[in-house]
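Worksheet for the structure shown next.
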There are 2 protein chains.
Amino acid sequence: MDQSIRRRAHPVRPMEHACAPAAAAHEGTFADEWINSRRPGVRRLSFAKARDVVISGSHNRCIYFNHDGWLARYKILHKGSRQILDFVLPGQVFGLPACLFPRAPYSIITITEASVSAIPFDMTDNVFDRDPALAKTLFWSTVQEAAILGEHLTGTGRRSAYERVSHLLLELFVRLNTSHRSGEMTLSIPLTQELIADALGLTAVHVNRTLRALRQDKLIKVDGRSITIVDFEALSRLSDFEKSYLGQAGRFQPRATEPAALGESAARAMEPWGA
Amino acid sequence: MDQSIRRRAHPVRPMEHACAPAAAAHEGTFADEWINSRRPGVRRLSFAKARDVVISGSHNRCIYFNHDGWLARYKILHKGSRQILDFVLPGQVFGLPACLFPRAPYSIITITEASVSAIPFDMTDNVFDRDPALAKTLFWSTVQEAAILGEHLTGTGRRSAYERVSHLLLELFVRLNTSHRSGEMTLSIPLTQELIADALGLTAVHVNRTLRALRQDKLIKVDGRSITIVDFEALSRLSDFEKSYLGQAGRFQPRATEPAALGESAARAMEPWGA
DNA sequence: CGTGGACTTGACTTAACTCAAGATTAGTGG
DNA sequence: CCACTAATCTTGAGTTAAGTCAAGTCCACG
């Protein structure tokens, strides 16, 4: 049966996708404290939906920590088409290349409302010596980013639309850590079909048809902006999904509002360096 | 011929080298000395053409420094198709993810004969403290890799075949530093049309037709394996080429056999950290 | 000097795109 | 809370860029 015409039981608002209730701006989360303890001068910022945080071609003096929103790294070509390189999920660091290169190689836009910490960053003041923990985190996040980009490149280069959409859903599923909640195979994502299309190098129209096909093949269910993975195994097989490229965690911190989890996850993020 | 069979023909010779006894060539170049002075235990290895140096899914205990060959990072999908993520040029470091992840996210194969240095690498022994220079180099090379992957992703996702081929040629031109030699717009590349196709997410047949079109449009000239850029400006414009994503150098070291150049370039590679 | 790899080209197919028009849904102000 | 508007989603019909299949040619090299 066609899931798309089912009425949604619960209206979904953007912030609810974002893994955390919107914290009051001044009410510092644990992540704030952690960051502040190492880097004075950190500012907390709130962005509305669809705001550019980093603009391609410009130079930045901050890197950012995303607390609770979704963002997208993207490029625009002269013909006007957009390629989304990757989505930035809660707990991820972003904006590093805009600091390292004289001109940021891509823009970063908010997909939902987002509150982020802007962390002053200057490579010339020898971060590697002064703050090795930060350096390691940045290193690790860059390594992860490269792995994800490689996987996305493989997708746009060699996978069919059907495979690409499947792969993206599985990737998001794993990165959102939903796996914990055992049987729960439903993910709530704030992505429009157009965003999905731009991430996969397809058109929105074709993503629509592809989702329909996946529904009809009983591999997924769609209910508004929430998607249920019906047959994880089949999707993995058909799309060559192998989650190891996502690393242990896939992100730096699972919940902005769960101090314990942060500590745990930060430790895990550092693990490769024996921290 | 059936493609899946042809693809399977990629020689896969598990290396007995993995940080094992040095194979050959004791005449160390300057690069050797430089690397050795910081990392004892470095071994010089020689690879024939079409040998896998890193195999997807395996774990490594070495990173590699490429002295003089060309290599390609690639993935194979279950249908047998191959996506080349990027080419490794002389002077580049590679193989880091195979050390950091339990399973290497991609394979790396030699395109030409190549002599490389295998550098024992263990994240758990706190490289960041013990050898900050190496850490910085690895960081920088990863940042560069991510930028290049992002550009390639944009290509396969949103550019036409015509644009992709143009863009690749310009990228290689810039990365090979040929720009120095003023008017000289000819580059000699060891790539078959099949390799180009696999890097761009196209078929070899279509790359062939595309090159013909570029020739007919008087944008390039092709003479065997050497290609001349006839109209750099036009190619840049049509393919949205903007070289800044390649960073200053694009690589760590221009020539393994040019000590002076190495020092110069290594310094430039470190520059972002004020080294 | 012949054999396999790389390159060419033609004829045909197809996955994905484009255009277009409705149907739903979400967001806004009154 | 409703009405209005703008996104977003959906589907059909026709187009096209790129793929597939096939049959050569041109070599480099053992």
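Model, not experiment: these values are computed from the prediction. Below, read A as the first sequence line, B as the second, and so on, with proteins coming before strands; counting in each chain starts at 1.
Of the listed nucleotides (D/dT20, D/dA18, D/dT10), D/dA18 has the atom at the smallest distance from the side chain of B/Arg164. When each of C/dC7, C/dT9, D/dG12 is scored by its nearest atom to the side-chain atoms of A/Arg212, the top-ranked nucleotide is D/dG12. Distances were taken from every side-chain heavy atom of B/Asn208 (C-beta onward) to each of C/dG27, D/dA18, C/dT8; the shortest belongs to C/dT8. Minimum atom distance to the side chain of A/His206 is reached by C/dC17, of the listed C/dT9, C/dA6, C/dC17.
As rounded to whole Å, 12 Å separates atom C1' of C/dC7 from atom CD1 of B/Ile196. Atom CD1 of B/Ile111 and atom P of C/dG5 are 17 Å apart (whole Å). In this structure, the CZ atom of A/Arg225 is 8 Å from the P atom of C/dA26, given to the nearest Å. Nucleotide C/dC17 holds its P atom 10 Å from the CG atom of A/Leu200, rounded to whole Å. One interatomic measurement links the two molecules: CZ of B/Arg159 to C1' of D/dA17, which rounds to 17 Å at whole-angstrom precision. Summarising the geometry, the separation between NZ on A/Lys49 and P on D/dA7 is reported as 11 Å, rounded to the nearest angstrom. Atom-to-atom, CG of A/Leu211 to C1' of D/dT10 comes out at 11 Å; the value is rounded to the nearest Å. A straight line from CG of B/Leu191 to P of C/dG5 spans 19 Å, rounded to a whole angstrom.
With respect to the salt-bridge test (charged N to carboxylate O, under 4.0 angstrom), the residues B/Glu242 and A/Lys75 do not qualify.
Within 4.0 Å of B/Gly201, counting heavy atoms only, lie sugar-phosphate atoms of the nucleic acid but no base atom.
Around CD of B/Glu113, the count of heavy atoms belonging to other residues, nucleotides or ligands within 6.0 Å does not exceed 12.
In this structure, B/Gln193 reaches the C/dT8 phosphate: one of its side-chain N or O atoms is under 4.0 Å from OP1 or OP2. In terms of phosphate contacts, A/Thr203 brings a side-chain nitrogen or oxygen within less than 4.0 Å of OP1 or OP2 of C/dC17.
Ring-plane geometry between B/Tyr245 and B/His167 is classed as parallel, the angle between the planes falling under 30 degrees on a 0 to 90 degree scale with a further cut at 60. Ring-plane geometry between B/Phe87 and B/Trp70 is classed as tilted, the angle between the planes lying from 30 to 60 degrees on a 0 to 90 degree scale.
The closest side-chain donor-acceptor pair between B/Arg73 and B/Gln83, if any, does not fall under 3.5 angstrom.
For D/dT20, its base sits under 3.5 Å from the side chain of B/Arg209 at one donor and acceptor pair at least.
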